[in-house]
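Here's the structure we're looking at; comments come further down.
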Amino acid sequence: MHMTHDVAMGINLLHANEAGAAHNRAHFDQWGITCLNLMSSPGAGKTAVLEKTLAALSNSLHIAVIEGDMTTELDADRLRQYGVPVIAINTGRSCHLDSRMVSGGIHRLQAEYDPSQFDLVLVENVGNLVCPAEFEVGEHYKVALLSLTEGEDKPLKYPIMFREADCLLLTKTDLAPYLDVDLAQIEANVRQINPTVTIIAVSAKTGEGLDAWFDWVRSTVQSDRRAPEKILANEK
Amino acid sequence: MHETDMTKALLMTLQDWWDAQPDRPTVAKVHLIVGQFTCVEPVSLQFAFEAQTRNTFLAGARLEIQETPLIAFCHPCQQEYRPEIGIQYACPTCRSPMEEIRSGRELKIDRIECEESSVCT
Ligand SMILES: Nc1nc2c(ncn2[C@@H]2O[C@H](COP(=O)(O)OP(=O)(O)OP(=O)(O)O)[C@@H](O)[C@H]2O)c(=O)[nH]1
Ligand SMILES: [Mg+2]
Ligand SMILES: [Zn+2]
(Lines give C-alpha, C1' and ligand atoms only; values in the text may rest on other atoms or scores of the structure.)
(Ligands and ions follow the chains in the order given, each with its own letter.)
Protein backbone atom coordinates (compact mmCIF):
# COMPACT_ATOMS: atom_id res chain seq x y z
CA MET A 1 0.00 0.00 0.00
CA HIS A 2 1.18 3.49 -0.82
CA MET A 3 1.77 5.99 1.93
CA THR A 4 0.56 9.49 1.29
CA HIS A 5 0.98 12.82 2.98
CA ASP A 6 -1.35 15.81 2.90
CA VAL A 7 -0.47 19.20 1.57
CA ALA A 8 -2.91 21.82 2.84
CA MET A 9 -3.95 24.17 0.05
CA GLY A 10 -7.00 26.25 0.90
CA ILE A 11 -6.86 28.10 -2.39
CA ASN A 12 -9.58 28.84 -4.86
CA LEU A 13 -10.11 26.30 -7.59
CA LEU A 14 -10.08 29.22 -10.01
CA HIS A 15 -6.94 30.68 -8.44
CA ALA A 16 -5.04 30.81 -11.73
CA ASN A 17 -7.93 32.66 -13.36
CA GLU A 18 -8.28 35.06 -10.45
CA ALA A 19 -4.59 35.86 -10.47
CA GLY A 20 -4.93 36.73 -14.16
CA ALA A 21 -7.99 38.86 -13.41
CA ALA A 22 -6.07 40.78 -10.74
CA HIS A 23 -3.29 41.37 -13.28
CA ASN A 24 -5.79 42.73 -15.81
CA ARG A 25 -7.44 44.95 -13.21
CA ALA A 26 -4.05 46.35 -12.22
CA HIS A 27 -3.48 47.33 -15.86
CA PHE A 28 -6.90 49.01 -16.02
CA ASP A 29 -6.24 50.88 -12.79
CA GLN A 30 -2.80 51.97 -13.93
CA TRP A 31 -4.32 53.40 -17.12
CA GLY A 32 -7.31 54.93 -15.35
CA ILE A 33 -9.79 52.70 -17.14
CA THR A 34 -13.10 51.41 -15.81
CA CYS A 35 -13.99 47.96 -17.09
CA LEU A 36 -17.55 46.58 -17.33
CA ASN A 37 -18.26 42.92 -18.05
CA LEU A 38 -21.58 42.35 -19.88
CA MET A 39 -23.08 38.90 -19.44
CA SER A 40 -26.33 37.24 -20.51
CA SER A 41 -27.79 34.21 -22.21
CA PRO A 42 -27.33 34.13 -26.01
CA GLY A 43 -29.35 36.80 -27.76
CA ALA A 44 -30.49 38.79 -24.73
CA GLY A 45 -29.28 41.94 -26.49
CA LYS A 46 -25.72 42.61 -25.34
CA THR A 47 -24.50 43.78 -28.74
CA ALA A 48 -27.65 45.84 -29.30
CA VAL A 49 -27.15 47.66 -25.99
CA LEU A 50 -23.47 48.17 -26.77
CA GLU A 51 -24.34 49.70 -30.14
CA LYS A 52 -26.62 52.24 -28.45
CA THR A 53 -24.05 52.88 -25.74
CA LEU A 54 -21.26 53.57 -28.23
CA ALA A 55 -23.53 55.83 -30.26
CA ALA A 56 -24.45 57.85 -27.16
CA LEU A 57 -21.25 57.94 -25.15
CA SER A 58 -18.28 57.65 -27.50
CA ASN A 59 -18.17 61.44 -27.92
CA SER A 60 -17.75 62.16 -24.23
CA LEU A 61 -15.81 59.04 -23.16
CA HIS A 62 -12.94 57.21 -24.80
CA ILE A 63 -14.24 53.68 -25.13
CA ALA A 64 -12.78 50.40 -26.32
CA VAL A 65 -14.63 47.11 -26.65
CA ILE A 66 -13.38 43.60 -26.00
CA GLU A 67 -15.71 41.28 -27.83
CA GLY A 68 -15.94 37.61 -26.92
CA ASP A 69 -17.54 35.65 -29.70
CA MET A 70 -17.37 31.90 -30.09
CA THR A 71 -16.28 31.76 -33.70
CA THR A 72 -17.28 34.78 -35.74
CA GLU A 73 -16.49 38.47 -35.98
CA LEU A 74 -20.14 39.39 -36.59
CA ASP A 75 -20.68 41.25 -33.32
CA ALA A 76 -17.28 42.95 -33.55
CA ASP A 77 -18.07 44.19 -37.06
CA ARG A 78 -21.41 45.60 -35.87
CA LEU A 79 -19.59 47.59 -33.18
CA ARG A 80 -16.67 48.80 -35.34
CA GLN A 81 -19.12 50.98 -37.25
CA TYR A 82 -19.13 53.31 -34.23
CA GLY A 83 -15.49 54.19 -34.73
CA VAL A 84 -14.12 52.72 -31.51
CA PRO A 85 -11.41 50.06 -31.21
CA VAL A 86 -12.99 46.61 -31.00
CA ILE A 87 -10.71 43.75 -30.02
CA ALA A 88 -12.35 40.49 -31.05
CA ILE A 89 -11.40 37.46 -29.02
CA ASN A 90 -12.08 34.14 -30.60
CA THR A 91 -13.09 32.04 -27.63
CA GLY A 92 -13.21 28.82 -29.63
CA ARG A 93 -15.31 26.22 -27.86
CA SER A 94 -15.03 27.91 -24.50
CA CYS A 95 -18.41 29.06 -23.19
CA HIS A 96 -17.13 32.15 -21.38
CA LEU A 97 -14.26 34.61 -21.44
CA ASP A 98 -11.50 33.98 -18.94
CA SER A 99 -8.86 36.34 -17.65
CA ARG A 100 -6.15 34.92 -19.92
CA MET A 101 -8.19 35.63 -23.07
CA VAL A 102 -8.96 39.15 -21.91
CA SER A 103 -5.32 39.65 -21.04
CA GLY A 104 -4.49 38.83 -24.67
CA GLY A 105 -7.05 41.46 -25.70
CA ILE A 106 -5.59 44.06 -23.35
CA HIS A 107 -2.09 43.52 -24.65
CA ARG A 108 -3.33 43.90 -28.23
CA LEU A 109 -5.02 47.15 -27.21
CA GLN A 110 -1.76 48.24 -25.63
CA ALA A 111 0.23 47.38 -28.75
CA GLU A 112 -2.02 49.31 -31.11
CA TYR A 113 -3.07 52.31 -28.99
CA ASP A 114 -1.97 54.39 -26.06
CA PRO A 115 -4.10 52.60 -23.46
CA SER A 116 -4.09 55.50 -21.01
CA GLN A 117 -6.26 57.49 -23.42
CA PHE A 118 -9.24 55.23 -22.67
CA ASP A 119 -11.80 55.84 -19.93
CA LEU A 120 -13.93 52.75 -20.37
CA VAL A 121 -13.49 49.20 -21.63
CA LEU A 122 -16.70 47.33 -22.33
CA VAL A 123 -16.37 43.55 -22.42
CA GLU A 124 -19.07 41.54 -24.17
CA ASN A 125 -18.92 38.04 -22.73
CA VAL A 126 -19.97 34.86 -24.53
CA GLY A 127 -23.74 34.32 -24.43
CA ASN A 128 -24.25 31.94 -21.52
CA LEU A 129 -26.27 32.30 -18.34
CA VAL A 130 -24.22 29.91 -16.24
CA CYS A 131 -20.42 30.17 -16.31
CA PRO A 132 -19.28 33.71 -17.07
CA ALA A 133 -20.30 34.82 -13.59
CA GLU A 134 -17.67 32.56 -11.99
CA PHE A 135 -14.82 33.69 -14.24
CA GLU A 136 -13.59 37.16 -13.39
CA VAL A 137 -11.78 38.87 -16.24
CA GLY A 138 -10.56 41.94 -14.35
CA GLU A 139 -13.76 43.96 -14.53
CA HIS A 140 -14.72 46.57 -11.94
CA TYR A 141 -18.44 45.93 -12.37
CA LYS A 142 -20.57 43.09 -13.66
CA VAL A 143 -23.60 43.86 -15.81
CA ALA A 144 -26.15 41.11 -16.39
CA LEU A 145 -28.83 41.31 -19.08
CA LEU A 146 -32.11 39.43 -19.07
CA SER A 147 -34.56 39.83 -21.92
CA LEU A 148 -38.27 39.78 -21.23
CA THR A 149 -38.70 36.80 -23.55
CA GLU A 150 -36.67 34.58 -21.20
CA GLY A 151 -39.30 34.37 -18.46
CA GLU A 152 -39.66 35.44 -14.82
CA ASP A 153 -38.10 32.28 -13.39
CA LYS A 154 -34.62 32.61 -14.90
CA PRO A 155 -33.09 34.52 -11.97
CA LEU A 156 -34.29 31.73 -9.66
CA LYS A 157 -33.01 28.94 -11.89
CA TYR A 158 -29.67 30.54 -12.81
CA PRO A 159 -29.02 32.59 -9.70
CA ILE A 160 -25.24 33.05 -9.71
CA MET A 161 -25.03 35.67 -12.44
CA PHE A 162 -27.88 37.64 -10.88
CA ARG A 163 -26.29 37.38 -7.45
CA GLU A 164 -22.97 38.70 -8.74
CA ALA A 165 -24.34 41.50 -10.94
CA ASP A 166 -23.87 45.14 -9.97
CA CYS A 167 -26.36 46.22 -12.62
CA LEU A 168 -29.13 44.25 -14.30
CA LEU A 169 -30.63 45.36 -17.59
CA LEU A 170 -34.09 43.97 -18.31
CA THR A 171 -33.99 44.16 -22.07
CA LYS A 172 -36.45 44.24 -24.97
CA THR A 173 -39.16 46.01 -22.98
CA ASP A 174 -40.79 46.98 -26.29
CA LEU A 175 -41.91 43.34 -26.54
CA ALA A 176 -43.83 43.41 -23.24
CA PRO A 177 -47.25 43.94 -24.88
CA TYR A 178 -46.82 40.71 -26.85
CA LEU A 179 -45.74 38.58 -23.90
CA ASP A 180 -47.33 37.23 -20.75
CA VAL A 181 -44.52 38.49 -18.65
CA ASP A 182 -44.69 40.21 -15.29
CA LEU A 183 -41.87 42.74 -14.98
CA ALA A 184 -42.54 43.25 -11.28
CA GLN A 185 -42.23 39.51 -10.71
CA ILE A 186 -38.85 39.40 -12.46
CA GLU A 187 -37.64 42.25 -10.27
CA ALA A 188 -38.94 40.54 -7.12
CA ASN A 189 -37.17 37.31 -8.06
CA VAL A 190 -33.91 39.16 -8.67
CA ARG A 191 -34.22 41.11 -5.41
CA GLN A 192 -34.54 37.86 -3.41
CA ILE A 193 -31.08 36.92 -4.62
CA ASN A 194 -29.45 40.32 -4.83
CA PRO A 195 -31.08 43.12 -2.82
CA THR A 196 -28.59 45.81 -3.85
CA VAL A 197 -28.38 45.39 -7.64
CA THR A 198 -29.34 48.37 -9.81
CA ILE A 199 -32.17 47.25 -12.10
CA ILE A 200 -32.88 49.18 -15.30
CA ALA A 201 -35.53 48.20 -17.85
CA VAL A 202 -34.46 49.11 -21.37
CA SER A 203 -35.32 48.68 -25.01
CA ALA A 204 -32.54 49.02 -27.55
CA LYS A 205 -35.26 49.28 -30.17
CA THR A 206 -37.31 52.19 -28.80
CA GLY A 207 -34.61 53.69 -26.59
CA GLU A 208 -36.76 53.37 -23.47
CA GLY A 209 -34.69 53.38 -20.27
CA LEU A 210 -31.37 53.85 -22.05
CA ASP A 211 -30.72 57.25 -20.49
CA ALA A 212 -30.79 55.66 -17.02
CA TRP A 213 -28.32 53.04 -18.27
CA PHE A 214 -26.01 55.70 -19.73
CA ASP A 215 -26.13 57.55 -16.40
CA TRP A 216 -25.17 54.37 -14.59
CA VAL A 217 -22.26 53.77 -16.97
CA ARG A 218 -21.04 57.36 -16.49
CA SER A 219 -21.28 56.94 -12.73
CA THR A 220 -18.91 53.96 -12.87
CA VAL A 221 -16.30 56.02 -14.66
CA GLN A 222 -15.41 57.71 -11.42
CA SER A 223 -12.97 60.52 -11.29
CA ASP A 224 -10.91 58.70 -8.67
CA ARG A 225 -10.17 55.88 -11.06
CA ARG A 226 -9.10 58.14 -13.93
CA ALA A 227 -5.50 59.15 -14.17
CA PRO A 228 -4.99 62.73 -12.87
CA GLU A 229 -3.76 64.11 -16.19
CA LYS A 230 -6.89 62.80 -17.90
CA ILE A 231 -9.21 64.56 -15.48
CA LEU A 232 -7.36 67.79 -16.22
CA ALA A 233 -7.55 67.26 -19.96
CA ASN A 234 -11.28 66.50 -19.87
CA GLU A 235 -12.21 69.28 -17.51
CA LYS A 236 -10.33 72.06 -19.23
CA MET B 1 -19.59 21.96 -21.57
CA HIS B 2 -18.72 24.34 -18.77
CA GLU B 3 -17.34 21.65 -16.46
CA THR B 4 -14.63 21.13 -19.07
CA ASP B 5 -13.68 24.77 -18.67
CA MET B 6 -13.92 24.64 -14.91
CA THR B 7 -11.63 21.60 -14.98
CA LYS B 8 -9.20 23.41 -17.23
CA ALA B 9 -9.12 26.27 -14.73
CA LEU B 10 -8.55 23.81 -11.88
CA LEU B 11 -5.73 22.10 -13.79
CA MET B 12 -4.06 25.46 -14.43
CA THR B 13 -4.17 26.22 -10.72
CA LEU B 14 -2.76 22.78 -9.86
CA GLN B 15 -0.08 23.08 -12.53
CA ASP B 16 1.08 26.41 -11.07
CA TRP B 17 1.33 24.80 -7.65
CA TRP B 18 3.12 21.69 -8.94
CA ASP B 19 5.64 23.68 -10.94
CA ALA B 20 6.59 25.49 -7.74
CA GLN B 21 7.32 22.23 -5.86
CA PRO B 22 11.02 21.30 -5.93
CA ASP B 23 10.31 17.56 -5.53
CA ARG B 24 7.54 17.35 -8.21
CA PRO B 25 5.46 14.98 -6.08
CA THR B 26 3.15 12.29 -7.44
CA VAL B 27 -0.38 13.41 -6.70
CA ALA B 28 -2.68 10.68 -5.39
CA LYS B 29 -5.79 12.70 -4.62
CA VAL B 30 -7.09 16.20 -4.92
CA HIS B 31 -9.68 17.21 -2.33
CA LEU B 32 -12.12 19.90 -3.37
CA ILE B 33 -14.82 21.71 -1.45
CA VAL B 34 -17.59 22.77 -3.82
CA GLY B 35 -20.62 24.75 -2.70
CA GLN B 36 -24.09 24.03 -3.99
CA PHE B 37 -24.53 27.69 -4.90
CA THR B 38 -21.90 27.63 -7.65
CA CYS B 39 -22.10 26.68 -11.30
CA VAL B 40 -20.18 23.43 -10.74
CA GLU B 41 -21.85 20.04 -11.02
CA PRO B 42 -19.63 17.54 -9.12
CA VAL B 43 -20.43 14.49 -11.28
CA SER B 44 -19.53 16.30 -14.49
CA LEU B 45 -16.44 17.71 -12.85
CA GLN B 46 -15.29 14.19 -11.90
CA PHE B 47 -15.84 13.03 -15.43
CA ALA B 48 -14.01 15.96 -17.01
CA PHE B 49 -11.13 15.63 -14.55
CA GLU B 50 -10.54 12.00 -15.47
CA ALA B 51 -10.65 12.79 -19.17
CA GLN B 52 -8.40 15.84 -19.03
CA THR B 53 -5.69 14.54 -16.71
CA ARG B 54 -4.71 11.64 -18.97
CA ASN B 55 -1.05 11.92 -19.96
CA THR B 56 -0.42 14.78 -17.54
CA PHE B 57 1.35 14.92 -14.19
CA LEU B 58 -2.08 14.27 -12.68
CA ALA B 59 -2.72 11.03 -14.56
CA GLY B 60 -4.22 8.51 -12.16
CA ALA B 61 -4.91 11.11 -9.50
CA ARG B 62 -8.39 10.94 -7.98
CA LEU B 63 -10.71 13.81 -7.34
CA GLU B 64 -12.60 13.87 -4.05
CA ILE B 65 -15.39 16.43 -3.91
CA GLN B 66 -17.04 17.49 -0.70
CA GLU B 67 -20.23 19.48 -1.27
CA THR B 68 -21.36 22.23 1.06
CA PRO B 69 -25.02 23.29 1.30
CA LEU B 70 -26.34 26.79 0.66
CA ILE B 71 -26.82 28.44 4.03
CA ALA B 72 -27.90 32.07 4.34
CA PHE B 73 -28.14 34.27 7.41
CA CYS B 74 -31.15 36.51 7.92
CA HIS B 75 -30.23 39.67 9.84
CA PRO B 76 -33.75 40.72 10.88
CA CYS B 77 -34.42 37.23 12.28
CA GLN B 78 -30.83 36.68 13.46
CA GLN B 79 -30.93 33.11 12.22
CA GLU B 80 -29.54 30.87 9.53
CA TYR B 81 -31.79 29.28 6.93
CA ARG B 82 -31.45 27.03 3.92
CA PRO B 83 -32.73 28.63 0.71
CA GLU B 84 -34.35 26.25 -1.78
CA ILE B 85 -32.16 26.60 -4.85
CA GLY B 86 -34.23 27.28 -7.96
CA ILE B 87 -37.36 28.10 -5.98
CA GLN B 88 -37.00 30.45 -3.05
CA TYR B 89 -34.06 32.41 -1.67
CA ALA B 90 -35.75 34.90 0.67
CA CYS B 91 -35.98 34.17 4.38
CA PRO B 92 -38.87 31.73 4.94
CA THR B 93 -39.82 33.51 8.17
CA CYS B 94 -39.76 37.21 7.27
CA ARG B 95 -39.25 37.21 3.46
CA SER B 96 -36.11 39.35 3.66
CA PRO B 97 -33.89 38.87 0.60
CA MET B 98 -30.88 36.59 0.74
CA GLU B 99 -28.16 38.96 1.82
CA GLU B 100 -25.42 37.15 3.65
CA ILE B 101 -24.32 33.74 2.39
CA ARG B 102 -22.56 31.68 5.05
CA SER B 103 -21.93 28.55 2.98
CA GLY B 104 -22.47 27.34 -0.54
CA ARG B 105 -20.19 29.64 -2.60
CA GLU B 106 -17.03 27.60 -2.00
CA LEU B 107 -14.88 26.57 -4.93
CA LYS B 108 -11.83 25.50 -3.03
CA ILE B 109 -8.90 23.16 -3.33
CA ASP B 110 -8.78 22.01 0.26
CA ARG B 111 -5.74 19.74 0.22
CA ILE B 112 -3.67 17.51 -1.99
CA GLU B 113 -2.58 13.99 -1.08
CA CYS B 114 0.89 13.16 -2.42
CA GLU B 115 2.62 9.80 -2.56
CA GLU B 116 5.43 9.43 -0.03
CA SER B 117 8.48 9.51 -2.31
CA SER B 118 10.45 7.18 0.00
CA VAL B 119 7.86 4.47 -0.54
CA CYS B 120 7.35 4.97 -4.25
CA THR B 121 10.92 4.99 -5.41
N1 LIG C 1 -37.54 43.85 -30.08
C2 LIG C 1 -36.28 43.98 -29.67
N3 LIG C 1 -35.32 43.17 -30.18
C4 LIG C 1 -34.07 43.31 -29.72
C5 LIG C 1 -33.71 44.27 -28.75
N6 LIG C 1 -32.39 44.16 -28.49
C7 LIG C 1 -31.92 43.17 -29.27
N8 LIG C 1 -32.93 42.66 -30.04
C9 LIG C 1 -32.84 41.58 -31.02
O10 LIG C 1 -32.44 40.39 -30.35
C11 LIG C 1 -31.52 39.66 -31.16
C12 LIG C 1 -30.24 39.41 -30.43
O13 LIG C 1 -29.62 40.64 -30.11
P14 LIG C 1 -28.06 40.78 -29.89
O15 LIG C 1 -27.77 42.18 -29.53
O16 LIG C 1 -27.31 40.19 -31.04
O17 LIG C 1 -27.90 39.83 -28.62
P18 LIG C 1 -26.53 39.33 -27.94
O19 LIG C 1 -26.82 39.18 -26.49
O20 LIG C 1 -25.41 40.22 -28.31
O21 LIG C 1 -26.34 37.90 -28.60
P22 LIG C 1 -25.03 36.93 -28.55
O23 LIG C 1 -23.83 37.81 -28.59
O24 LIG C 1 -25.16 36.08 -29.75
O25 LIG C 1 -25.15 36.18 -27.27
C26 LIG C 1 -31.34 40.46 -32.44
O27 LIG C 1 -32.20 39.96 -33.43
C28 LIG C 1 -31.74 41.85 -32.02
O29 LIG C 1 -32.25 42.61 -33.09
C30 LIG C 1 -34.76 45.12 -28.25
O31 LIG C 1 -34.57 45.98 -27.38
N32 LIG C 1 -36.02 44.93 -28.73
MG1 LIG D 1 -23.55 39.75 -29.11
ZN1 LIG E 1 -35.88 36.53 8.34
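Throughout, protein chains are lettered first and strands after them, A, B, ... in sequence-line order, and every chain is numbered starting at 1.
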For [X] versus [Y], what's the shortest heavy-atom pair and its separation?
| X | Y | value |
| --- | --- | --- |
| B:Ile109 | A:Met9 | O-CB, 3.3 Å |
| A:Thr4 | B:Glu113 | OG1-OE1, 3.1 Å |
| B:Asp5 | A:Cys95 | OD2-N, 3.2 Å |
| B:Thr13 | A:Ala16 | OG1-N, 3.0 Å |
| A:Val7 | B:Trp17 | CG1-CZ2, 4.1 Å |
| A:Pro195 | B:Pro97 | CB-CG, 3.6 Å |

Contact part of B:Ser96 toward chain A, heavy-atom cut-off under 4.5 Å: side chain, backbone, both or neither?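 Neither the backbone nor the side chain of B:Ser96 comes within 4.5 Å of chain A.
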Select one option (side chain, backbone, both, neither) describing which atoms of B:Asp16 are under 4.5 Å from chain A's heavy atoms.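 The answer is the side chain of B:Asp16.
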Distance (rounded to the nearest 0.5 Å) between [X] [atom1] and [Y] [atom2]:
| X | Y | atom1 | atom2 | answer |
| --- | --- | --- | --- | --- |
| A:Asn189 | B:Ile87 | CG | CD1 | 12.0 Å |
| A:Asn17 | B:Leu107 | CG | CG | 11.0 Å |
| A:His96 | B:Met6 | NE2 | CE | 7.0 Å |
| A:Asp98 | B:Lys8 | CG | NZ | 8.5 Å |
| B:Ile85 | A:Ile193 | CD1 | CD1 | 10.5 Å |
| B:Leu11 | A:Leu13 | CG | CG | 9.5 Å |

For atom [atom1] of [X], is the number of surrounding heavy atoms from other residues, nucleotides or ligands below 6.0 Å larger than 12?
| X | atom1 | result |
| --- | --- | --- |
| A:Asp180 | CG | no |
| B:Arg62 | CZ | no |
| B:Arg102 | CZ | yes |
| B:Phe57 | CZ | yes |
| A:Tyr158 | OH | no |
| B:Asn55 | CG | no |

Could you check which of A:Gly10, A:Pro155, A:Ala133 has the highest count of heavy-atom pairs closer than 4.5 Å to chain B?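 Greatest number of close heavy-atom pairs with chain B: A:Gly10.
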Among A:Arg100, A:His15, A:Arg163, which residue has the highest count of heavy-atom pairs closer than 4.5 Å to chain B?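 When all of A:Arg100, A:His15, A:Arg163 are compared, A:Arg163 has the most.
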A:Gln192 and side-chain contact (heavy atoms from CB on, under 4.5 Å): which single residue from B:Gln88, B:Met98, B:Arg95 fits?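 In the set B:Gln88, B:Met98, B:Arg95, the residue that makes a side-chain contact (heavy atoms from CB on, under 4.5 Å) with A:Gln192 is B:Gln88.
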Taking the side chain as every heavy atom from C-beta outward, state whether A:Ile160 and B:Arg105 have any atom pair closer than 4.5 Å.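 With C-beta onward as the side chain, the pair touches.
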